[in-house]
Trainee: 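Provided herewith is a single structure, encoded as structure tokens, for subsequent inquiry.
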Amino acid sequence: MKLIGMLGGMSWESTAEYYRLVNELVRDRRGGVHSARVIVDSVDFADVEALQAAGRWAEAGTLLAARARALESAGAEVLVLCTNTMHLVIDQISAAVTVPVLHIADAVAAPIRAAGIDRVGLLGTAFTMEQTFYRDRLAAHGIQTLTPDAADRAVVHRVIYDELVRGIVSEQSRQAYREVIGHLVQEGADGVILGCTEIELLISADDSPIPIFPTTRIHAEAVVDAALPG
């Protein structure tokens, strides 16, 4: 089994989900008391969030690239960036190391295409929904991405930063997300990407009339596929 390097802390709530999912997947596939070989570098999200808010993406990329190099130096053979938003700087991270860095949008594109869907709604931070890095990557796989309107984007972003990254899960916010998903369905979405790793703490398949694509689980499955022999 390859040693998995997790670059996390953005937030630690979602990184904990990555760790849990990867270990559960390895246990299920290998049986017995098997678990994953993992090393985690968890950054201080306050540092990253400040750079996000200021639009200082290159500096954020430099910070994460340094941590990726540290993971590789510690022996990591495959890297996973435990966040959707910071894939905005994935090229900086990938260029800093020689081991594979698994892109979350590539991972999620596979089950979308397998489901015969080519038009999806995207929920995530304002950065993920409003910038093009995620949509462009999905477009390369033949997938059209719809994003919520400005008011709905504000709701989705606020819940992530004010609640989910702090471990707060409320029924009121769950209902608000259901309404946002409903609006995306009205716009023609045939599936919806939970494009922020914390959203899976709030939303499940039961909350959506169309298929959901939970990026944390899908990304975790991709890294286990890469790590396990054969």
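Heavy-atom basis, side chains included; hydrogens, waters and symmetry copies ignored.
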Trainee: Can any side-chain N or O of S14 pair as donor or acceptor with the backbone N or O of S11 at less than 3.5 Å?
Mentor: yes

Trainee: With distance as the sole test, does Q144 use its side chain to make a donor-acceptor pair with the main-chain N or O of D118 at under 3.5 Å?
Mentor: no

Trainee: Could you measure the distance from the CZ atom of R20 to the OG1 atom of T216? Nearest 0.5 Å is fine.
Mentor: 9.5 Å

Trainee: In this structure, is the centre-to-centre distance between the rings of Y18 and H219 below 6.0 Å?
Mentor: yes

Trainee: Do L21 and M10 belong to the same hydrophobic cluster, where Ile, Leu, Val, Met, Phe, Trp and Tyr are linked whenever their side-chain heavy atoms lie under 4.5 Å apart, directly or via other members?
Mentor: no

Trainee: Are L3 and M1 in one and the same hydrophobic cluster, where Ile, Leu, Val, Met, Phe, Trp and Tyr link if side-chain heavy atoms are under 4.5 Å apart?
Mentor: yes

Trainee: Side-chain contact test, heavy atoms from C-beta onward, threshold under 4.5 Å: evaluate it for F213 versus V192 and give yes or no.
Mentor: no

Trainee: Go through E163 and R174 one step at a time and tell me if the salt bridge (Lys or Arg N to Asp or Glu O under 4.0 Å) criterion holds.
Mentor: CA-CA 11 Å; E163 299 178 18; R174 181 174 290 112; over 6 Å; no

Trainee: Salt-bridge test for R153 and E130: reply yes if a basic N is under 4.0 Å from a carboxylate O, no otherwise.
Mentor: yes

Trainee: Please tell me whether D106 and H141 have a donor and an acceptor in their side chains that are separated by less than 3.5 angstrom.
Mentor: yes

Trainee: Side chains of T85 and Q52: is there a donor and an acceptor less than 3.5 Å apart?
Mentor: no

Trainee: Quick check on Q172: does its CD atom have over 12 non-hydrogen neighbours (other residues, nucleotides or ligands) under 6.0 Å away?
Mentor: no

Trainee: In terms of heavy-atom contacts, does CD of E187 have more than 12 from other residues, nucleotides or ligands at under 6.0 Å?
Mentor: no

Trainee: In Å and rounded to the nearest 0.5 Å, what is the OG1 to CG distance from T145 to L138?
Mentor: 4.5 Å

Trainee: Around atom CH2 of W57, are there more than 12 heavy atoms of other residues, nucleotides or ligands at under 6.0 Å?
Mentor: yes

Trainee: In Å and rounded to the nearest 0.5 Å, what is the NE2 to CG distance from H87 to L64?
Mentor: 10.5 Å

Trainee: Does any non-hydrogen side-chain atom of R137 lie less than 4.5 Å from one of H103?
Mentor: yes

Trainee: Are L164 and E13 packed together at the side-chain level, in the sense that at least one heavy-atom pair is separated by less than 4.5 angstrom?
Mentor: no

Trainee: With a 4.5 Å limit on heavy-atom distance, are the side chains of T15 and V40 in contact?
Mentor: yes

Trainee: Which heavy-atom pair separates I218 from A107 by the least distance, and what is that distance?
Mentor: CG2-O, 3.4 Å

Trainee: Measuring only between side-chain heavy atoms, which start at C-beta, is P148 closer than 4.5 Å to M129?
Mentor: yes

Trainee: Can I get a per-line list of side-chain donor-acceptor pairs under 3.5 Å for residues 88-99, giving both atom names and the distance, sequence neighbours left out?
Mentor:
residue, atom, partner, partner atom, Å
Q92, NE2, A58, O, 3.2
S94, OG, I90, O, 3.0
T98, OG1, E72, OE2, 2.3

Trainee: Grab the two heavy atoms, one from I112 and one from V108, that are nearest each other, plus how far apart they are.
Mentor: CG1-O, 3.3 Å

Trainee: Run R166 and Y161 through side-chain contact (heavy atoms from CB on, under 4.5 Å) and show every step you take.
Mentor: CA-CA 8 Å; R166 304 168 191 264; Y161 278 87; over 6 Å; no

Trainee: Please find the pair of heavy atoms, one from G195 and one from T128, that lie closest to each other, and give the distance.
Mentor: O-CG2, 3.9 Å

Trainee: Within a reach of under 6.0 Å around CZ of F45, are more than 12 heavy atoms found that belong to other residues, nucleotides or ligands?
Mentor: yes

Trainee: Shared ILVMFWY cluster between L201 and W12, side chains joined below 4.5 angstrom?
Mentor: no

Trainee: Could you report the tightest heavy-atom contact between L102 and A226, atom names first, then the distance?
Mentor: CD1-CB, 4.0 Å

Trainee: Measure the CD1-OG1 distance between I199 and T125 for me, rounded to the nearest 0.5 Å.
Mentor: 8.5 Å

Trainee: Roughly how far, to the nearest 0.5 Å, is OH of Y19 from OG of S35?
Mentor: 6.5 Å

Trainee: Keeping R119 on the side-chain end and G188 on the backbone end, is there a donor-acceptor pair under 3.5 Å?
Mentor: yes

Trainee: Which residues satisfy the salt bridge (Lys or Arg N to Asp or Glu O under 4.0 Å) test with E49, sequence neighbours excluded?
Mentor: none

Trainee: Do L122 and V185 belong to the same hydrophobic cluster, where Ile, Leu, Val, Met, Phe, Trp and Tyr are linked whenever their side-chain heavy atoms lie under 4.5 Å apart, directly or via other members?
Mentor: yes

Trainee: Please find the pair of heavy atoms, one from G142 and one from R113, that lie closest to each other, and give the distance.
Mentor: O-NH1, 3.4 Å

Trainee: Got I39 and M6 here, is their nearest side-chain heavy-atom distance under 4.5 Å?
Mentor: no

Trainee: Do I168 and L194 share a hydrophobic cluster (ILVMFWY, side-chain heavy atoms under 4.5 Å, transitive)?
Mentor: no

Trainee: Quick one: are E17 and E200 in side-chain contact, heavy atoms under 4.5 Å?
Mentor: no

Trainee: For the CG atom of L123 and the CG atom of L146, what is their distance to the nearest 0.5 Å?
Mentor: 11.0 Å

Trainee: Mark yes or no for whether N23, through its side chain, and A36, through its backbone, hold a donor-acceptor pair below 3.5 Å.
Mentor: yes

Trainee: Measuring only between side-chain heavy atoms, which start at C-beta, is R135 closer than 4.5 Å to I143?
Mentor: no

Trainee: May I ask you to check whether N84 and Y134 show a side-chain donor-acceptor distance below 3.5 Å?
Mentor: yes

Trainee: If I compare all heavy atoms of A189 with all of G121, which pair ends up nearest, and what's the gap?
Mentor: CB-N, 3.6 Å

Trainee: Before giving the answer on side-chain contact (heavy atoms from CB on, under 4.5 Å), spell out for L79 and L71 the whole-Å C-alpha distance, their side-chain angles and the decisive distance to 0.1 Å.
Mentor: CA-CA 8 Å; L79 296 183; L71 284 168; 3.8 Å; yes

Trainee: Looking at S170 and S173, would you say the former's side chain and the latter's main chain have a donor-acceptor pair under 3.5 Å?
Mentor: yes

